[in-house]
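By convention in this document, chain letters (A, B, ...) are assigned in the order of the sequence lines, proteins followed by strands, and residues within each chain are numbered from 1. Given the structure is predicted, the values throughout are model-derived calculations rather than measurements.
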Protein chains: 2
Amino acid sequence: MDIVDLGTVPKTEAVYSDFLLQLREKFEMDHAAYAGINPAAGAIHGYVTYGDDWKQHYQQQGFHMIDPTLHMSQRSIAPVDWSRLERGKDFKRVFRDAHDFGLSEQGLTIPVRGPYGDVGLLSVTRDCSPEQWRKLVGHVISDLQSMAVHIHDTVMGSDLLGRILYHPALSTREVEILQWVAVGKSQQDIGDILSISHRTVEVHLRSSREKLCALTTAQAVGRAIGLGLIYPG
Amino acid sequence: MDIVDLGTVPKTEAVYSDFLLQLREKFEMDHAAYAGINPAAGAIHGYVTYGDDWKQHYQQQGFHMIDPTLHMSQRSIAPVDWSRLERGKDFKRVFRDAHDFGLSEQGLTIPVRGPYGDVGLLSVTRDCSPEQWRKLVGHVISDLQSMAVHIHDTVMGSDLLGRILYHPALSTREVEILQWVAVGKSQQDIGDILSISHRTVEVHLRSSREKLCALTTAQAVGRAIGLGLIYPG
DNA sequence: CAAGTTCTACGGGAATCCCCCAATAGCCCG
DNA sequence: CGGGCTATTGGGGGATTCCCGTAGAACTTG
């Protein structure tokens with residue numbers, strides 16, 4: 001594959017846009033777009049090959065609030081071919097306008113998720129016959145999926161420094177106790193389970209909250225889950 | 001591609017094992033394994049092409065607690081080639097034993113995540129020279145990634161009925177208030193923010209706990225995050 | 001060895017949460 | 001229209017958490 005390997009170049013916004021342009025050419029698509037959300041870093045990323053006119057219009061109309069290609073893909077493990085989406089009023093509204101900008105309603109969105117609640121959506125569009133589309137997709141889907149993982153990994157990696165600085169080191173005991181809280185146990189229960197005083201449990205939870213910069217224990221639980229330190233019970 | 005499409009056959013455990021056997025043959029691997037966790041359904045899945053002797057030994061030794069191929073992959077967006085793992089005491093412990101069962105320490109694990117906290121790990125191993133391995137992986141990685149998504153999607157889909165039954169419908173207000181809790185606000189704060197009584201906040205939280213089968217609000221926050229209903233604050 | 005971290009434990013009291021109970025109003029759908 | 005659900009509000013009271021502060025022992029690392 002001759003698309004630039006994002007792992008080997010400096011990370012600027014232009015690099016991602018170029019990556020999408022190259023991907024678009026290689027896989028014979030009209031357009032490509034990547035959208036990424038990183039809750040742990042509070043970051044949102046978006047790169048597209050569309051012209052500025054459609055980008056502005058999409059934003060002004062608030063289409064991201066109703067765009068079913070986004071919403072259905074966020075609920076899917078596998079790639080979502082737009083031909084399988086319901087042609088409801090939201091779909092029609094977005095793509096009636098897209099037509100006016102010369103954009104096709106035939107496309108595909110590939111969701112990728114990371115371990116800390118981060119999500120990336122790589123979308124590609126191509127205006128051609130359904131038969132041609134099916135052949136094209138069947139031919140390139142594996143590589144597109146690999147590309148989706150690649151760009152999402154790289155974009156999230158560029159948030160990595162922030163996450164390293166942000167990512168606190170909870171002690172073993174602190175993690176253990178937070179996990180019990182996530183399972184619904186009270187401080188007294190946890191003390192009984194671990195054969196320690198419930199006052200000690202309280203101390204560890206306080207330390208956990210401080211390290212996670214959380215005002216409450218419930219918030220600390222949520223953050224620890226988001227960071228992959230514990231799991232929902 | 002001539003591997004059976006899991007979407008077209010009845011879902012039995014033998015089907016997944018056959019899928020892995022076929023995948024192993026097609027991509028010239030020694031072995032293939034899939035492990036999946038579905039927190040929302042409380043389900044754990046595992047299918048492997050290894051013999052029963054290694055499966056039993058792996059379980060008896062509790063290797064899943066220390067296996068770095070599992071732990072590092074769970075923290076990665078992209079596939080993890082085992083050659084890049086640190087040869088620490090855990091790695092050595094697992095693979096010293098694996099050698100005794102004729103299994104290679106050369107492999108690759110591909111993580112896949114779904115929208116509800118579910119995680120799937122597809123691993124493949126092949127005993128050959130590093131040069132051959134690099135060529136083989138470069139040739140098949142895209143297809144392996146697509147396969148990983150495919151099997152994980154299908155396994156999680158087989159939990160779908162459970163998830164539909166289990167997945168509670170929180171009201172808009174309940175979700176909104178749980179999100180504020182996840183941000184660290186107290187019930188009084190939330191009442192002030194939303195211009196409602198803190199007693200009303202309490203009622204919504206109790207309803208949320210009931211629907212999420214949670215004993216505490218902290219547990220409810222964790223579950224809601226795991227279900228993708230709210231996000232860590 | 002000294003410093004830092006983790007683990008253990010406690011007093012006292014305020015704040016918050018959550019238990020039980022009660023109620024009304026509005027909206028939607030069969 | 002009636003039932004179910006959501007949203008709103010309140011009383012009374014107990015349980016739990018969390019605030020402030022304190023301390024010592026064990027372990028690790030430079």
Indicate the ring-plane relationship of His57(A) and Phe63(A), choosing parallel, tilted or perpendicular according to the 30° and 60° boundaries. perpendicular
Does Leu122(B) reach the side chain of Gln145(B), with side-chain heavy atoms less than 4.5 Å apart? no
Inter-residue atom distance Thr125(B).OG1 - His31(B).NE2, 0.5 Å rounding: 5.5 Å
Would a line drawn from the ring center of Trp82(B) to the ring center of Phe95(B) be shorter than 6.0 Å? yes
Select from Thr216(B) and Thr172(A) the residue whose nearest nucleotide in DNA chain C is closer to the 5' end of that strand. Thr172(A)
Would Arg84(B) and Asp81(B) pass as an ion pair if we require N to O under 4.0 Å? no
Touch class at under 4.0 angstrom, heavy-atom based, for His204(A) against every strand present: base
Within the structure shown, what part of the strands sits under 4.0 Å from Ser197(A) by heavy-atom distance: base, sugar-phosphate, or nothing? sugar-phosphate
Protein within reach of the bases, or only the backbone? For nucleotides 19-26 of chain C, mark each nucleotide 5' to 3' as B, S or -, using heavy atoms under 4.0 Å. BBB-----
Interatomic spacing from CD in Glu210(B) to CG in Leu170(B) - rounded to 0.5 Å: 11.5 Å
Using a 4.0 Å heavy-atom cut-off across all strands, classify Ser207(A) as base, sugar-phosphate, or nothing. nothing
Does anyone know the first and last nucleotide of DNA chain D in reach of chain A, 5' to 3', at under 4.0 angstrom to a heavy atom? dT17(D) to dG21(D)
